[in-house]
Amino acid sequence: MKKKFRSLACWADSFSGKLLLGSFLPSLVLVAWWLAIRSGTAVVPTFGDVFRVLLHPFQVPPDLYSRSLAFSLMMTLLRFVIGFSLGVITAVPLGLWAARNRIVDRILYPVIQIARPINPIVLLPIATVIFGLSSIASVTIGGADAWKHDIWDQVQLAMIFILWWGAFFPVFLSTMSGVRSVRTAYLETMMLLGASRMLVLRKVIIPGALPSIAGGMRIALGVTWLVLIAAEIFPGTRSGIGYMLCTACKTSDYQYTFAAMIVIGLVGLLTDVLFFRLERSAGHWQSRER
Amino acid sequence: MEQGRFFSLSNVRKEFLTQRGERVAALDSVTFEAASGNLTCIVGPTGSGKSTLLRLIAGLETPDAGTVRVNGSAPVPSQGIGYLTQEHSLFPWLRVKDNIGLPFDVKGTMAEEKDKQIRNISIALGIADALERYPYELSGGMQKRTSLGRLIASGARCWLMDEPFSALDDRTAHQLQRLLLKIAAELGLTVLFVTHSIDEAVFLADRIIVLSAGPGRVVDIYDINIEHPRNRLSSEFGQFLEAIRCRIESVIDETG
């Protein structure tokens, strides 16, 4: 019995196992979708309608005041990359500093703990009041081509702010946790060798904390993605996958709604797989350290 | 033979604070000297403060009373003392060659010279084939050899070793003991070696210091005047082994 179980577990780790097991629940969803189509409900588009949208991503949807699926995805990803990157770029150095400096930690601790539980979405109205409808285009200097201006004009600062908010805290806290988990013996080894602070940071602290940082980034990824899609539904947004999903619902173009949901899910899955590999690569030594 | 530094402790006391806020002494009135170029072993029952003693000499802790001197000066961590513990402290995210090369990175050695030195050290230690591996891919013995490689690369002429071979099987431990003696002789090292194995202490040491149970005090000092290489089956070896074993047992009995 044990042997059978062990070989089943091995199969689950194989490519075919992962493919089949991973397809199980989506297959059930497809079956449920098919049954809903059969029932004749108006809100459920057919497979054909949805795949037509997915297969023609550059087509501008008629009767729907939104851009093409490809453009919408591009805008969503652009906002995501900017907000997420800003979150990581600010969180990692600050987390490194706070973990190594007690004074900085004491100053930041109450602020972090108060701000952290605040859902970024609820900050959007406040951020809109603070930043207005300013965008990256409105704050950058110099003339740009009209199409570039059009794109950057849709990357609103208020939205970038809440995306930054969503990404910052998981990465900051995981950075701090990672730095503090670096074994004292490693730091003492460097101390005894007479290593400079910069070398200790490069050779010990950053690599030692990297698995935790990567883990925090993976969590931040999920949070930021969720926040972004929700934020694109807010008034003032003119593009994005979330915007397309919402407007399609209003105009009863449900094939676009479903297509947008599939795209959201697939991008979420792909980015998670990417960061999972990053996390595993950064921490290849962790589970095997002895 | 190049002369290394020597260690000198005088009435050293070290206390630690427990979770409940009580002060517990790990060492009390410890006084001894370790001569330059010699290998001195420290033995004693568990809790006698052997590891604390090494940390004081390395400069990682400061005594609460008494003086610790390394070549006449108070110890500071970056003074060029090598330190090796039971846990290898190899960086698991660095390959073997990068672990050995760490002291060269600290010194800013040019890449070509650094690679040459790493190669020479790894050949001498028998780990030349393992340079591209990570520490977790090595056996316990290979990890210790890599740690020794890093010590050699550091250029330190005084080594503090805290039960470095205790987690290894006898055969591997004996191989590494012989290797340590060879390296110490070639480089003229001054070594302070903590061990709970009296056999290991008699095999390696020029002098053995016996500590009492905690708080540790020096209760006896033995000068081992057996020529190297030492034979574990010889009567002299057996006599020292027996004498020190009895002394430690009496120390344990005294403290109950």
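So you know, we letter chains A, B, ... as the sequences are listed, proteins then strands, and number each from 1.
- Cation-pi contact between B:Arg69 and B:Phe6: absent, since separation from the ring centre below 6.0 Å together with deviation from the ring axis within 45° is not met.
- In this structure, the portion of A:Leu199 lying under 4.5 Å from any heavy atom of chain B is its side chain and not its backbone.
- Residue contact with chain A, scored on non-hydrogen atoms closer than 4.5 Å, is absent for B:Asp98.
- Ion pairing of B:Lys114 with B:Glu112 is absent here, as no side-chain N (NZ or NE/NH1/NH2) approaches a carboxylate O to less than 4.0 Å.
- Atom CG of B:Asp129 has 12 or fewer neighbouring heavy atoms from other residues, nucleotides or ligands inside a 6.0 Å radius.
- Heavy atoms closer than 4.5 Å to chain B are found in the side chain of A:Thr189, but not in its backbone.
- Contacts of A:Ala158 classified as side-chain contact (heavy atoms from CB on, under 4.5 Å), with partners at least two apart in sequence or in another chain: A:Leu124, A:Ala127, A:Thr128, A:Phe131.
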